[in-house]
S.K.: 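The structure under discussion is supplied below as structure tokens; questions concerning it will follow.
Heads up: numbering here begins at 1 and tracks the sequence.
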Amino acid sequence: MTKDEINKFLAVPGLEHNVNTFESDYNGIITKAEGTELLRENIMKLAELQDKLYAHDRYAVLVVFQAMDAAGKDGTIKHVFSGINPQGCHVNAFKQPSDEELDHDYLWRIYTRLPERGRIGIFNRSHYEDVLVVKVNPEILLHNKLPGIYRESDITENFWNERYRQINDFERHLTETGTIVIKFFLNVSEKEQEKRFIARLKDPSKNWKFSASDMKERDKWNDYMNAYSDILTETSTSDAPWFVIPADKKWYMRYAVSQILVDRISALPIGYPQLTEKQEKEIESAKEKLLYLIDK
């Protein structure tokens, strides 16, 4: 994947963005077979990079996935991270907040699930739900025990602007303290989502993935696209930019995500720790003893 292609997916920080200007069915100039092979190669590269990240133990990587239903978040996570060591990776799926979580600010539950140094954390949905689902369905905020929010008319545009600022501050803090934030919006078209919903309904093994609420949220498609456009505009920063990945072709989406991850993690100054002179001598001594036992 060329740098120009990656830039094609980048929501350039500081600019106003509209989701509709990003292609959802783009697949570059490669075939499905080529994309599948490139994904396989990147899976191997990610395994090596994760090993170095773990050994170096100075940085963490947080990968954020946001998308409409049926865009392919689960499948992308399953395929792209299939080669890495489970000990160095953790996936979190954020659903409706619990009573305990509602007794804290909306970022509290995010802090408690951040990856440790040397590890990769994957968020299947994230803190952005609080400026997406909540923005499209503002009545949710009335149950969040927020000071000054008693009716929907209390939720002003300034409220959302403050949340965007809080999220930017949060992600800048993470970046400055060693957690690299890589954010993906998997951009599926409304038509492709419809096809995938129908496929789920026709396949008994996938019926469990469908919920009546999926259709209710689909009816608010335009509202969600406006909310995503606001997120790309307000929270794509130099510290943590958004990548808008075309999701109508699953094979290309997975390859594109894997390539960006390889590029971003490769740019980190990570490697295996250098041994001290004392450690090298101890290793040589251990080798000599083991070889002696083998020859004996």
Side-chain angles (χ1 to χ4, degrees), residues 1-3 5-7 10 13 37-65 76-92 107-124 126-127 168-184 237-241 243 254-296:
M1 182 179 293
T2 66
K3 186 175 181 179
E5 280 187 290
I6 292 178
N7 288 338
L10 175 67
E37 175 59 24
L38 289 168
L39 170 61
R40 188 189 67 80
E41 293 174 7
N42 282 341
I43 288 172
M44 295 173 64
K45 291 177 183 177
L46 282 172
E48 182 180 352
L49 287 168
Q50 183 213 21
D51 197 45
K52 290 180 179 178
L53 181 76
Y54 187 85
H56 192 258
D57 200 27
R58 296 278 178 169
Y59 292 92
V61 175
L62 174 62
V63 185
V64 173
F65 288 99
T76 298
I77 293 169
K78 177 181 178 180
H79 285 80
V80 171
F81 297 97
S82 60
I84 65 177
N85 186 341
Q87 292 185 101
C89 175
H90 194 265
V91 181
N92 288 282
L107 290 175
W108 177 79
R109 64 174 182 165
I110 307 300
Y111 269 108
T112 64
R113 292 168 175 82
L114 290 173
E116 304 167 52
R117 298 192 192 283
R119 289 168 171 78
I120 297 174
I122 302 166
F123 283 0
N124 185 342
S126 65
H127 42 299
N168 289 339
D169 289 344
F170 166 64
E171 292 177 350
R172 184 172 63 252
H173 166 70
L174 291 181
T175 302
E176 291 175 349
T177 53
T179 297
I180 307 307
V181 184
I182 308 173
K183 302 184 297 194
F184 296 107
T237 65
S238 57
D239 294 314
F243 292 93
R254 293 165 183 167
Y255 159 58
V257 167
S258 72
Q259 187 61 58
I260 291 169
L261 286 170
V262 167
D263 289 349
R264 292 296 302 274
I265 300 175
S266 294
L268 294 175
I270 56 175
Y272 297 111
Q274 293 293 315
L275 298 180
T276 64
E277 185 177 345
K278 179 182 178 182
Q279 289 173 320
E280 289 178 347
K281 289 180 178 179
E282 289 173 344
I283 288 175
E284 286 303 317
S285 176
K287 282 181 184 178
E288 290 175 4
K289 289 181 180 178
L290 288 171
L291 289 172
Y292 171 76
L293 292 173
I294 292 172
D295 293 338
K296 187 176 181 181

S.K.: Hey, does the side chain of Ser82 reach the backbone of His79 with a donor-acceptor pair shorter than 3.5 angstrom?
M.R.: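 Yes, Ser82 side chain to His79 backbone: donor-acceptor pair under 3.5 Å.
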S.K.: With a 4.5 Å heavy-atom cut-off, do Glu171 and Asp239 have their side chains touching?
M.R.: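 SC-SC contact between Glu171 and Asp239 ruled out.
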S.K.: Do Asn85 and Gln50 have side chains that approach each other closer than 4.5 Å (heavy atoms only, starting at C-beta)?
M.R.: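 Yes, close enough: below the 4.5 Å cut-off.
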S.K.: Restricting to non-hydrogen atoms, name the atom on Leu275 and the atom on Gln279 that form the minimum distance, rounded to 0.1 Å.
M.R.: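 Leu275 and Gln279 have their closest heavy atoms at CA-OE1, 3.3 Å.
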S.K.: Got Phe81 and Val91 here, is their nearest side-chain heavy-atom distance under 4.5 Å?
M.R.: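 With C-beta onward as the side chain, the pair stays apart.
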S.K.: Distance check, rounded to the nearest 0.5 Å: Ile182 atom CD1 versus Ile260 atom CD1?
M.R.: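 Nearest 0.5 Å value for the CD1-CD1 distance: 9.0 Å.
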S.K.: Taking all atoms of both residues into account, what is the closest heavy-atom pair of Ala47 and Gly83, and its distance?
M.R.: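 Taking every non-hydrogen atom into account, CB-O, 3.5 Å.
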S.K.: Quick test of your reading of the model: are Glu48 and Lys52 salt-bridged, counting only N-O distances below 4.0 Å?
M.R.: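 Here Glu48 pairs with Lys52 in a salt bridge, since their nearest N and O are under 4.0 Å apart.
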S.K.: Using atom types as modelled and distance alone, determine if a side-chain donor or acceptor of Ser266 lies under 3.5 Å from a backbone N or O of Asp263.
M.R.: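 Looks like no, no N/O pair under 3.5 Å.
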S.K.: Determine whether Tyr59 and Ile265 make a side-chain contact, defined as any pair of heavy atoms from C-beta on separated by less than 4.5 Å.
M.R.: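 No, too far: nothing below the 4.5 Å cut-off.
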S.K.: Show every donor-acceptor pair shorter than 3.5 Å between a side-chain atom in residues 115-122 and any protein atom, with sequence neighbours excluded, or say none if there are none.
M.R.:
| unit_1 | atom_1 | unit_2 | atom_2 | d |
| --- | --- | --- | --- | --- |
| Arg117 | NH1 | Arg58 | O | 3.3 |
| Arg117 | NH1 | Thr177 | O | 3.0 |

S.K.: Between Glu284 and Lys287, is there a side-chain N and carboxylate O pair less than 4.0 Å apart?
M.R.: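 Looking at Lys287 together with Glu284, the answer is yes, because their closest N to O distance falls below 4.0 Å.
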S.K.: Heavy atoms only: give me the nearest Ile43-Val80 pair and the separation to one decimal.
M.R.: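 Scanning both residues, the minimum pair turns out to be CG1-O, 3.7 Å.
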S.K.: Determine, stepwise, if the pair Leu268 / Val61 fulfils side-chain contact (heavy atoms from CB on, under 4.5 Å).
M.R.: CA-CA 10 Å; Leu268 294 175; Val61 175; 4.3 Å; yes
S.K.: How close do Ile110 and Phe123 get, heavy atom to heavy atom, and via which atoms?
M.R.: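 Heavy atoms only, the tightest pair is CG2-CE2, 3.6 Å.
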S.K.: State plainly whether the residues Arg40 and Glu37 are in salt-bridge range, i.e. N to O under 4.0 Å.
M.R.: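 Counted as a salt bridge, because a side-chain N and a carboxylate O are separated by less than 4.0 Å.
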S.K.: Looking at Val64, Val63, Thr76, which one forms a side chain to side chain contact (heavy atoms under 4.5 Å, CB included) with Phe184?
M.R.: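 The passing option is Val63.
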S.K.: After noting the C-alpha distance and the side-chain angles of Ile283 and Glu280, does the key distance pass the side-chain contact (heavy atoms from CB on, under 4.5 Å) rule?
M.R.: CA-CA 5 Å; Ile283 288 175; Glu280 289 178 347; 5.7 Å; no
S.K.: Can you tell if the side chain of Ile180 reaches within under 4.5 Å of the side chain of Arg264, non-hydrogen atoms only?
M.R.: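 Contact flag for Ile180/Arg264 side chains = yes.
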S.K.: Out of curiosity, Ile77 CD1 to Asn124 CG, how far, rounded to the nearest 0.5 Å?
M.R.: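 Answer for the CD1-CG pair, Ile77 versus Asn124, is 4.0 Å.
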S.K.: Do Gln259 and Glu5 come close enough that some side-chain heavy atom pair is under 4.5 Å?
M.R.: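 They are not in side-chain contact.
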S.K.: For Ile270 versus Leu53, what's the shortest heavy-atom pair and its separation?
M.R.: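 For Ile270 versus Leu53, the nearest heavy atoms are CD1-N, 3.9 Å.
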S.K.: Mind checking whether Val257 and Phe243 have side chains closer than 4.5 Å, heavy atoms only?
M.R.: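 The answer is no; the side chains never approach within 4.5 Å.
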S.K.: To the nearest 0.5 Å, what is the distance between CG on Leu62 and NE2 on His90?
M.R.: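 Here the interatomic distance stands at 13.0 Å.
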S.K.: What's the separation between atom CG in Asn42 and atom CZ in Arg254, rounded to the nearest 0.5 Å?
M.R.: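 Spacing of CG (Asn42) from CZ (Arg254) equals 14.5 Å.
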